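Inspection log for the structure reproduced underneath, given as structure tokens.
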Protein chains: 2
Amino acid sequence: MHSFTEENYLKAIYHLSDGNSKAVSTNQIAEMTSTKAASVTDMLKKLADKKLINYIKYQGVTLNESGIRAAVNIIRKHRLWEVFLVEKLGFKWDEVHDIAEELEHINSEHLINRLDDFLGNPATDPHGDPIPDRSGTIQHKKLVKISEMKQNDSGTISGVSEHSSVFLKLLEKLGLTLGTKITVTELIEFDGSIMLSAQTKELTISREVAKNILVIL
Amino acid sequence: MHSFTEENYLKAIYHLSDGNSKAVSTNQIAEMTSTKAASVTDMLKKLADKKLINYIKYQGVTLNESGIRAAVNIIRKHRLWEVFLVEKLGFKWDEVHDIAEELEHINSEHLINRLDDFLGNPATDPHGDPIPDRSGTIQHKKLVKISEMKQNDSGTISGVSEHSSVFLKLLEKLGLTLGTKITVTELIEFDGSIMLSAQTKELTISREVAKNILVIL
DNA sequence: TTATTTATTTAGATTAATCTAAAATTTGAA
DNA sequence: TTCAAATTTTAGATTAATCTAAATAAATAA
Ligand SMILES: [Mn+2]
Ligand SMILES: [Mn+2]
Ligand SMILES: [Mn+2]
Ligand SMILES: [Mn+2]
């Protein structure tokens, strides 16, 4: 098995490469894992020895088959635990990430599959992110940022691309939670902010907020 | 906070001292944690520095106030997770210990208290062991080994002092699970084995088995 | 195309947890 | 009470993960 630390590197590489579509640099990984570049280089050598990544000095890194499988499995666990915390224990969507960061490293296939069943095999986590099934398949939905919508476009909020607690709490306060139907009523040219109607209410959000809310049209 | 490893030592000391009633030796700890005596000595120095134990060279060790509090909290988490695995996820009582060994190190008071409520604040775990409440109080029941019962004594199986999977599976097969009412029908002098009736059935168990089943009279 | 800046790797240390072998202390049998 | 056996501690190494500082390679600006 892989150590706690190795798992975190694999997950970081996976997320930084958008599911392995691009190579990832040493500095990016250092930033994401809050370590120094020199430490990352050491770990990349180890992961390459373990045949989990394709690594050529100075050229960046990608996950190979096994690396992807390992990373996706950790993400599956993370998201299932988040569902558990929200659906069964009553946590808010902004409170679950850090606990799931710990729970995702518990190693028992039996456990995670039973948890999956117990939760009713959910398709997405509390932030709208898809949950890989036990074979590692991920069902991606076509999501669009509110900032890319045109006037009079309508859609349903189905995800967020920023997971910080401050941001999630803000959305909660604004009533812009998952499942909410919205319509863009006006694009403000001056600062790029966006007016929209969400279930009878009217509100304006900044471009920065709009960029981080994802909808299904 | 304490490291994963420190937590395991604290738990080992707690269990070996029967909840702090006796001093524990270096070798006992080494045996329980599957390490060597030299490693234990190193860790005892560290735990003493952290003011979690009373340690005098060559004289054995006891937990102090904080040490007990920390150990009991880990045991609380272990037992609550075991209840979760059995009651909610459908695990058997012989399958949960190893997973709980990992889950017990997840650190979130919020999480464990919500889990406790979700489970209906259970008093005991799947093996009959009492679950400490959030203040650290443990409700001990007066339990007697079957091997100490006299002829015609009756009682309800309420705990086990051996937690191995082989033993628990055996009890399952014999129908001697928690809550089962038994009566001792005969004590076999020859080898100390014991005949008993358990819900209409008659069966004989060895002294070795009898020593590890606990009843409330 | 060369020089400078930026990114990455290497070298050498550090810390936590572990080990083996040797030294010190305690126990308990004669 | 004495001394051999058992227990415990110390000394010195090892491994994983990390760091800082220095060296090397790549990118880019002049
Ligand atoms: Mn998360
Ligand atoms: Mn999530
Ligand atoms: Mn257990
Ligand atoms: Mn138990």
Side-chain angles (χ1 to χ4, degrees), chain A residues 1-17 22-63 66-67 70-71 74 101-102 104-107, chain B residues 1-17 22-63 66-67 70-71 74 101-102 104-107:
Chain A
M1 257 310 99
H2 315 122
S3 74
F4 189 102
T5 311
E6 288 165 350
E7 290 192 343
N8 282 336
Y9 275 92
L10 291 171
K11 194 173 46 136
I13 296 168
Y14 184 88
H15 280 131
L16 287 167
S17 66
K22 37 179 180 279
V24 175
S25 75
T26 300
N27 268 350
Q28 286 178 291
I29 299 170
E31 157 112 65
M32 174 149 299
T33 57
S34 301
T35 57
K36 295 299 158 74
S39 310
V40 173
T41 300
D42 283 347
M43 181 56 80
L44 292 181
K45 285 179 193 164
K46 198 204 291 191
L47 294 175
D49 284 349
K50 284 193 156 196
K51 306 250 194 300
L52 291 162
I53 61 174
N54 309 114
Y55 170 56
I56 308 168
K57 267 193 200 181
Y58 294 106
Q59 309 266 126
V61 66
T62 56
L63 297 174
S66 334
I74 300 160
E101 286 289 306
E102 295 194 50
E104 73 188 4
H105 300 288
I106 303 289
N107 272 316
Chain B
M1 257 310 100
H2 315 123
S3 73
F4 188 102
T5 310
E6 287 165 349
E7 291 192 344
N8 282 335
Y9 275 90
L10 291 171
K11 193 172 48 130
I13 296 167
Y14 184 88
H15 281 131
L16 287 166
S17 66
K22 38 179 177 279
V24 175
S25 77
T26 301
N27 269 351
Q28 286 178 290
I29 299 170
E31 157 112 64
M32 173 150 297
T33 57
S34 302
T35 57
K36 296 299 157 75
S39 310
V40 173
T41 300
D42 282 347
M43 181 56 81
L44 292 182
K45 284 180 193 163
K46 198 204 292 190
L47 294 176
D49 284 349
K50 284 192 156 197
K51 306 249 195 296
L52 291 162
I53 61 174
N54 309 114
Y55 170 56
I56 308 169
K57 266 193 200 179
Y58 294 103
Q59 310 264 126
V61 65
T62 57
L63 297 174
S66 334
I74 299 160
E101 287 290 304
E102 294 195 50
E104 72 188 4
H105 301 288
I106 303 290
N107 272 317

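Keep in mind the model is a prediction, meaning the values are calculated, not measured.
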Next item on the list: Applying salt bridge (Lys or Arg N to Asp or Glu O under 4.0 Å), name anything that partners E101(B), two or more places apart in sequence or on another chain.
Entry: K11(B)

Check: Going by number, which of residues 53-62 of chain B have a non-hydrogen atom under 4.0 Å from DNA chain D?
Finding: Y55(B), K57(B), Y58(B)

Margin query: I need the CD-P distance between E6(A) and dT15(D), as an integer number of Å.
Written below: 16 Å

Item checked: Trace of the side-chain contact (heavy atoms from CB on, under 4.5 Å) decision for Y9(B) with V40(B) -> CA-CA 8 Å; Y9(B) 275 90; V40(B) 173; 4.0 Å; yes

Item checked: Non-hydrogen side-chain atoms of H2(A) and I74(A) separated by less than 4.5 Å -> no

Checklist line | Atom pair distance, as rounded to whole Å: CG in N27(B) and C1' in dA6(D) | finding: 9 Å

Next item on the list: Rounded off to whole Å, could you give me the CG-to-C1' distance for the D42(A) and dA16(D) pair?
Entry: 10 Å

Next item on the list: Not counting sequence neighbours, list each pair that qualifies as a side chain to side chain donor-acceptor pair (under 3.5 Å) and has a residue in residues 47-60 of chain A.
Entry: E6(A)-K50(A), N54(A)-T62(A)

Checklist line | Residue T41(A), side-chain atoms from C-beta onward, closest of dT9(C), dT18(D), dT9(D) | finding: dT9(C)

Check: Which heavy atom of A37(A) sits nearest a heavy atom of T26(A), and at what distance?
Finding: O-CG2, 3.6 Å

Note to self: Rounded to whole Å, how long is the line connecting atom CD of E31(B) with atom C1' of dT8(D)?
What the structure shows: 16 Å

Next item on the list: Among L16(B), L44(B), I56(B), L52(B), find the residue that satisfies the side chain to side chain contact (heavy atoms under 4.5 Å, CB included) test when tested with V61(B).
Entry: L44(B)

Next item on the list: Indicate, with a heavy-atom threshold strictly under 4.0 Å, whether S39(B) touches base, sugar-phosphate, or nothing.
Entry: base

Next item on the list: With DNA chain C as reference, determine whether A38(B) or M43(B) sits nearer its 5' end, using the nearest nucleotide of each.
Entry: M43(B)

Checklist line | Rounded distance in Å - CG (L44(A)) to P (dT10(C)) | finding: 11 Å

Item checked: Protein-nucleotide distance (K45(A), atom NZ; dT18(D), atom P), rounded to Å -> 15 Å

Notebook entry, point to check: Would you say N8(B) and E104(B) make side-chain contact, with heavy atoms under 4.5 Å?
Noted result: yes

Checklist line | Base paired to dA4(D) (Watson-Crick or G-U; both N/O distances under 3.5 angstrom) | finding: dT27(C)

Check: Rounded to the nearest Å, what distance is computed from the NZ atom of residue K36(A) to the P atom of nucleotide dA22(D)?
Finding: 15 Å

Note to self: Using a heavy-atom cut-off of 4.0 Å across all strands, would you classify T26(B) as base, sugar-phosphate, or nothing?
What the structure shows: sugar-phosphate

Check: Starting at CG of D49(A) and ending at P of dA16(D), how long is that distance when rounded to a whole Å?
Finding: 11 Å

Note to self: Once you apply a heavy-atom cut-off of 4.0 Å, does F4(A) come out as touching a base, just sugar-phosphate, or nothing?
What the structure shows: nothing

